[in-house]
Amino acid sequence: EPEVTQTPSHQVTQMGQEVILRCVPISNHLYFYWYRQILGQKVEFLVSFYNNEISEKSEIFDDQFSVERPDGSNFTLKIRSTKLEDSAMYFCASSDLGGSRQPQHFGDGTRLSIL
Amino acid sequence: GESVGLHLPTLSVQEGDNSIINCAYSNSASDYFIWYKQESGKGPQFIIDIRSNMDKRQGQRVTVLLNKTVKHLSLQIAATQPGDSAVYFCAEGTGANNLFFGTGTRLTVIP
């Protein structure tokens with residue numbers, strides 16, 4: 001069964017450093033998403049991406065965040081200057097159709113730890 | 001704003017019994033609902049979804065019930081197995097490109 005893959009599984013970074021989280025969505029999917037989950041809390045939407053541009057973003061997704069699809073398979077989330085409160089699990093998801101009326105399929109996440 | 005919440009943070013059931021996990025939502029504009037299962041160290045795994053024009057949908061050993069009158073949905077798992085132990089999230093969609101997740105219920109299956 002096709003799946004979303006994310007690397008690395010765990011990233012440890014010093015506060016203020018840039019970090020790039022990588023995702024390979026399911027190959028025939030066209031819509032891509034990033035969510036985060038702070039330990040013990042609910043999964044929160046960050047951003048959705050379609051046709052090489054952001055389609056929606058939440059208040060969490062401020063100027064420190066950016067997303068990119070650098071080639072035909074990868075989808076990345078960059079945090080320019082990390083803060084302690086960025087520590088969380090970051091999940092990538094994809095769907096073959098847009099809108100939130102389709103199942104989004106999630107990767108197993110990257111645990112980001114900011115020191 | 002939207003709000004998706006769960007009635008019970010934990011649920012323990014005996015193996016073989018049926019499980020019922022509940023979820024309340026507050027946004028009457030939500031018209032799509034998904035249940036996800038999250039095992040330790042893994043991402044949310046799609047279980048079953050339902051659109052607001054339906055009251056009930058069945059999958060393999062799972063049933064989702066939607067009561068729009070009281071903004072409530074539930075996930076029923078038949079003959080619960082140890083492998084069903086996980087955190088279960090409901091999520092709602094309104095047609096925008098994002099899902100709103102509830103806080104989760106931890107299901108523990110007692111052998």
Side-chain angles (χ1 to χ4, degrees), chain A residues 1-7 9-10 21 23 25-26 29-51 53-61 67 88-111, chain B residues 1-10 21 23-27 29-54 57 59-60 62 64 66 75 86-106:
Chain A
E1 183 177 325
E3 58 182 24
V4 175
T5 57
Q6 292 185 241
T7 54
S9 57
H10 190 191
L21 309 182
C23 169
I26 294 173
H29 285 184
L30 300 176
Y31 294 81
F32 315 116
Y33 314 85
W34 283 101
Y35 291 79
R36 81 171 185 190
Q37 184 179 30
I38 295 172
L39 184 64
Q41 299 186 22
K42 66 176 74 173
V43 177
E44 301 174 287
F45 169 76
L46 293 178
V47 66
S48 60
F49 190 86
Y50 169 71
N51 199 27
E53 61 182 26
I54 290 173
S55 50
E56 289 192 52
K57 59 182 181 179
S58 70
E59 293 179 353
I60 303 169
F61 194 88
V67 289
M89 284 292 292
Y90 286 81
F91 293 106
C92 174
S94 69
S95 62
D96 57 356
L97 297 174
S100 61
R101 298 190 183 98
Q102 304 293 332
Q104 295 177 15
H105 298 272
F106 286 74
D108 285 337
T110 292
R111 179 175 299 283
Chain B
E2 294 85 354
S3 174
V4 179
L6 292 171
H7 290 166
L8 296 173
T10 61
I21 301 171
C23 180
Y25 65 96
S26 61
N27 186 358
S30 294
D31 59 4
Y32 178 66
F33 304 90
I34 305 181
W35 281 100
Y36 284 95
K37 172 187 180 182
Q38 187 176 28
E39 296 174 284
S40 180
K42 301 259 186 191
Q45 177 187 358
F46 171 77
I47 302 174
I48 192 168
D49 59 358
I50 188 169
R51 297 180 188 276
S52 60
N53 61 350
M54 302 173 68
R57 191 163 187 224
Q60 186 178 11
V62 294
V64 55
L66 175 62
L75 176 70
V87 177
Y88 289 80
F89 293 94
C90 64
E92 64 180 301
T94 60
N97 283 322
N98 57 305
L99 294 172
F100 290 92
F101 279 76
T103 53
T105 292
R106 180 173 299 280

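In what follows, every heavy atom counts, from backbone to side chain, and hydrogens, waters and symmetry copies are set aside. What you see is a predicted model, and the numbers here were worked out from it, not measured in a lab. In the text below, chain A, chain B and the rest are named by the order of the sequence lines, each starting its count at 1.
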- request: Side chain from CB out, backbone as N, CA, C, O: work out which of these in B/Tyr36 comes under 4.5 Å of a heavy atom of chain A, or both, or neither.
  value: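 Interface part for B/Tyr36: side chain.
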Contact class of B/Gln38 relative to chain A, heavy atoms under 4.5 angstrom: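 Interface part for B/Gln38: side chain.
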field: Spacing of CD belonging to A/Gln104 relative to CG belonging to B/Asn98, to within rounding of 0.5 Å
entry: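 Result: 8.0 Å between the selected atoms.
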query: Could you state the interatomic distance from OG (A/Ser95) to CZ (B/Phe46), rounded to the nearest 0.5 Å?
result: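 Nearest 0.5 Å value for the OG-CZ distance: 12.0 Å.
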- prompt: Which region of A/Tyr50, side chain (C-beta onward) or backbone (N, CA, C, O), has a non-hydrogen atom less than 4.5 Å from a non-hydrogen atom of chain B, or is it both or neither?
  reply: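 Neither part; nothing is under 4.5 Å.
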message: Please classify the contact between A/Gln37 and chain B as side chain, backbone, both or neither, with a heavy-atom cut-off of under 4.5 Å.
response: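 Side chain of A/Gln37 only, per the 4.5 Å heavy-atom cut-off to chain B.
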- request: Identify which one of A/Tyr35, A/Phe91, A/Phe45 satisfies the ring-ring contact (aromatic ring centres under 6.0 Å, His included) criterion when paired with B/Phe101.
  value: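 Only match with B/Phe101 under ring-ring contact (aromatic ring centres under 6.0 Å, His included): A/Tyr35.
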Nearest non-hydrogen partners of B/Asp49 and A/Pro103, listed with the distance: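 So the two residues come closest at OD2-CG, 3.6 Å.
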- request: Determine the minimum heavy-atom distance between B/Pro44 and A/Val43, stating which atoms define it.
  value: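 Smallest interatomic distance, heavy atoms only, reads CG-CG2, 4.5 Å.
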message: I'd like to know which of A/Gln6, A/Met89, A/Glu56 tops the heavy-atom pair count under 4.5 Å against chain B.
response: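 Most heavy-atom pairs under 4.5 Å with chain B: A/Glu56.
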